[in-house]
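Count residues from 1 along the sequence. The structure presented is a predicted model; accordingly, all values stated were derived computationally and were not measured. Just follow the structure's listing: the first ligand is 1, and inside any ligand the first atom is 1. Just so you know, these numbers use all the heavy atoms, side chains as well, and skip hydrogens, waters and symmetry mates.
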Amino acid sequence: MFVSKYLVLITIAVSHFCCNGQQFLQRTRFRRLNKPSGFKLKQRLQEKLNQYKQRTMQTICYDIVGCFELPHKRSPLQKVPENPDVLGTKFYLFKRSTNLSHPEILNYDDEGKSLANSSFNYTLPMKMIIHGYMGKWNDIGNLIGANTYLKIYDCNVILMDWSLGARGPQYAMAAANTEVVGRQLGILLLKMIENGLKPENIHLLGFSLGAHVAGSSSEVLKKKGHLIERITGLDAASPLFRTNHLKEKHKKLDREDARLVDVIHTDASPTVTDGFGLWEPIGHVDFFPNGGQEQPGCTDTKQSVVVTHFDKTLSREVACSHIRAWRLFQETLLNKAAGGQNRCDFTAFSCPGGLKSFERGFCFPDLPKPNTSLALDSSYRNDIGRFGEDVKGEGVMFFATRATPPYCGTQIQASIHISPKTGVIKGIILLNLQYPHHSVSFHINCDADDLILTGTVMSGLAVSDYGTLNDNVKNITATLNFVDLDLEEENNNTYIPTIYIDKVVIRDMYGNRWQFCQKDTVLKDTTGLNHNFSITLTKNGCL
Ligand SMILES: *[C@@H]1O[C@H](CO)[C@@H](O)[C@H](O)[C@H]1NC(C)=O
Ligand SMILES: *[C@@H]1O[C@H](CO)[C@@H](O)[C@H](O)[C@H]1NC(C)=O
Ligand SMILES: *[C@@H]1O[C@H](CO)[C@@H](O)[C@H](O)[C@H]1NC(C)=O
Ligand SMILES: *[C@@H]1O[C@H](CO)[C@@H](O)[C@H](O)[C@H]1NC(C)=O
Ligand SMILES: *[C@@H]1O[C@H](CO)[C@@H](O)[C@H](O)[C@H]1NC(C)=O
Ligand SMILES: *[C@@H]1O[C@H](CO)[C@@H](O)[C@H](O)[C@H]1NC(C)=O
């Protein structure tokens with residue numbers, strides 16, 4: 001107990017020296033493993049504590065919002081939060097009765113006057129959308145969100161505007177401002193609660209840096225004993241929140257900030273430098289669509305993302321995967337507003353084997369056939385969840401999406417049974433399915449050394465247009481291409497790698513399957529041969 005307290009303190013102190021998360025983790029681990037002598041540890045700890053205290057003495061204080069710890073080192077990455085007078089944070093209230101071009105403006109710093117003068121209804125739920133870096137309250141996506149929410153619920157919708165704090169061009173400045181802005185939001189929320197709004201009726205949605213604004217706001221409320229019902233983190237920003245001085249819990253979104261913290265990761269990266277989004281799960285449920293690192297249809301080059309983090313602009317092209325988080329959520333709102341029983345849901349599933357297992361289709365579920373897509377409500381399983389406004393699930397969950405809107409579709413799995421006759425080969429199988437008026441492609445990867453193509457089942461996931469691959473589809477035509485990855489390196493033209501397949505199975509989550517069975521079907525490498533091998537899969541074939 002005693003020692004573990006020390007370790008926590010050392011962690012804080014050491015983190016001020018390292019700007020590299022890896023290095024910091026290694027050091028902490030080193031200490032745990034080697035158990036340094038009590039005396040040395042104490043001495044070193046005392047030094048660190050003194051240094052740490054000196055640094056934490058430095059704060060900057062503003063009216064109303066209070067004091068903020070200063071970063072010990074003013075580096076380009078460690079900024080002092082700006083003066084609230086400069087930030088001009090405002091809140092735009094929309095009700096069903098509001099003319100969308102004339103929202104009411106609420107201030108956090110007028111002792112509740114603007115709130116009292118507004119048509120905010122304390123008995124109705126509140127949805128608040130918080131923009132991210134270089135965003136503003138009236139970005140088209142936010143207006144669509146507000147409008148759609150009002151179609152679904154009679155509620156208060158607020159679009160928060162901290163555009164000056166988030167303006168850039170320095171990302172680090174915007175990141176440092178999230179704590180100030182979060183407190184401003186917290187002060188307004190507190191006023192609303194004092195006026196009768198139930199914390200159970202509060203749902204904050206924060207995109208990118210906005211997720212941390214939401215997280216910071218909850219600190220103000222927790223001090224008064226209130227916990228917000230729900231915070232949705234849409235690709236919560238990663239740069240500077242993973243390491244550096246913003247990594248502390250109270251400065252970012254974490255699962256203690258609301259009764260339900262649901263998070264979606266669309267541009268996450270396990271390394272510090274590429275990707276805007278956090279890789280680590282931080283909520284009660286964390287969704288990783290398409291694995292969470294890169295989204296289909298996006299051509300973001302990770303390198304350019306690194307450059308744009310800290311200076312220059314955030315362009316739509318560069319941030320395509322990042323922005324996808326909000327697009328996916330919006331789609332669930334639009335679907336809900338459109339009503340209807342049989343709507344597409346982002347059904348998510350857990351995968352104990354992690355990302356690789358998900359990508360290989362190992363965790364693809366086999367569920368009882370629902371009579372509507374809303375059947376999840378009646379047959380809840382904790383390994384099956386749903387992303388979006390009607391969220392369900394817990395822990396880390398995955399799902400696959402289409403590359404273009406509508407992103408939601410029917411998730412399907414392809415399994416290719418490789419005959420034992422096949423030698424040791426690695427490569428990629430490209431499988432394209434065609435059925436009336438639709439087609440869908442799989443890239444079934446066998447990139448690493450850990451999978452040998454002999455007597456195994458290779459599988460992968462794809463998403464077909466929603467509802468099209470249904471009971472009425474009896475036959476599917478499929479073309480198969482095999483690309484041997486070693487062959488290109490060896491440049492050996494006389495040898496054509498060949499695999500033998502016994503069976504191909506396509507299935508959806510609800511028991512529909514289409515199969516092709518023919519033992520030792522020959523599939524040759526098609527590099528340069530431009531040759532598609534065609535087969536037919538039949539509904540429930542070769543049982
Ligand atoms: C909303 O405001 C706009 C601009 O002032 C106006 O042109 C429009 O008629 C208003 N709509 C309604 C339904 O009142
Ligand atoms: C109260 O609201 C009305 C319109 O909703 C506005 O015209 C007026 O200026 C507001 N008064 C104050 C004191 O904010
Ligand atoms: C607030 O909303 C409730 C529920 O729709 C409604 O009954 C009530 O009249 C509203 N209050 C005001 C002041 O509009
Ligand atoms: C769907 O199934 C549930 C439970 O099995 C049943 O109660 C419900 O009536 C069914 N709905 C439709 C539209 O068939
Ligand atoms: C489906 O494929 C089977 C076997 O290849 C064939 O006999 C049948 O006629 C096909 N059915 C349709 C509707 O194309
Ligand atoms: C090409 O590669 C195959 C398998 O690695 C080998 O058996 C064959 O001898 C090679 N041919 C030439 C010309 O190098």
Side-chain angles (χ1 to χ4, degrees), residues 88-131 135-164 166-167 184-207 214 217-218 220-221 224-232 258-260 262 326 329-341 343 374 377 388-392:
T89 305
K90 293 225 172 333
F91 300 85
Y92 291 84
L93 170 66
F94 295 80
K95 302 283 305 298
R96 279 189 164 168
S97 53
T98 310
N99 180 330
L100 284 180
S101 10
H102 302 289
E104 295 172 273
I105 297 175
L106 308 178
N107 301 306
Y108 73 96
D109 57 352
D110 63 0
E111 290 162 339
K113 285 204 188 83
S114 52
L115 189 57
N117 186 36
S118 76
S119 56
F120 192 95
N121 185 326
Y122 296 96
T123 63
L124 295 177
M126 180 183 72
K127 302 281 181 181
M128 182 171 318
I129 300 172
I130 308 165
H131 64 76
K136 39 189 201 327
W137 70 278
N138 56 356
D139 283 339
I140 184 70
N142 299 339
L143 292 172
I144 292 172
N147 192 21
T148 316
Y149 262 133
L150 290 169
K151 278 189 186 145
I152 303 173
Y153 313 109
D154 189 8
C155 62
N156 306 286
V157 178
I158 292 180
L159 301 183
M160 180 172 180
D161 184 48
W162 65 289
S163 52
L164 286 174
R167 69 192 178 280
Q184 295 173 331
L185 168 57
I187 289 164
L188 181 70
L189 293 176
L190 198 56
K191 196 80 212 162
M192 290 170 170
I193 291 171
E194 283 166 8
N195 288 357
L197 179 67
K198 293 202 180 82
E200 300 93 277
N201 275 339
I202 300 178
H203 179 189
L204 309 177
L205 298 101
F207 170 61
S217 77
S218 87
V220 176
L221 303 184
K224 302 277 180 180
H226 304 299
L227 190 60
I228 297 167
E229 180 64 23
R230 180 174 174 194
I231 296 178
T232 299
R259 252 179 263 277
L260 170 63
D262 55 311
W326 185 205
F329 195 93
Q330 242 176 49
E331 193 174 295
T332 73
L333 288 179
L334 291 167
N335 284 351
K336 192 173 165 70
Q341 282 280 290
R343 65 166 194 257
L374 304 180
D377 292 321
E389 174 64 11
D390 293 324
V391 64
K392 277 198 189 304

* Please list, by chain and number, the protein residues whose heavy atoms come under 4.0 Å of ligand 1. => N99, S101, H102
* Asked: Do we see a donor-acceptor contact under 3.5 Å between the side chains of E104 and S119?
  -> yes
For residues 153-160, which side-chain donor-acceptor pairs fall under 3.5 Å, sequence neighbours excluded?
from, atom 1, to, atom 2, distance (Å)
Y153, OH, E389, OE2, 2.7
N156, OD1, N121, N, 2.9
N156, ND2, N121, O, 2.8
N156, ND2, L124, O, 3.4
N156, ND2, P125, O, 3.3

* How would you list, by chain and number, every residue that makes a ring-ring contact (aromatic ring centres under 6.0 Å, His included) with F329, sequence neighbours excluded? -> F387
* Asked: Taking the six-membered ring for Trp, are Y108 and F91 parallel (under 30°), tilted (30 to 60°) or perpendicular (over 60°)?
  -> perpendicular
* State which residues pass side chain to side chain contact (heavy atoms under 4.5 Å, CB included) with S163; sequence neighbours excluded, sorted by chain then number. => H131, K136, D161
* Does H226 reach the side chain of L189, with side-chain heavy atoms less than 4.5 Å apart? -> no
* Number the atoms of ligand 3 from 1 as they appear, then name those within less than 4.0 Å of a heavy atom of D154, with their elements. => 5 (O)
* Short list, please: which atoms of ligand 3 are under 4.0 Å from a heavy atom of T123? -> 1 (C), 2 (O), 3 (C)
* Among I202, I228, N201, side chain to side chain contact (heavy atoms under 4.5 Å, CB included) partner for M126 -> I202
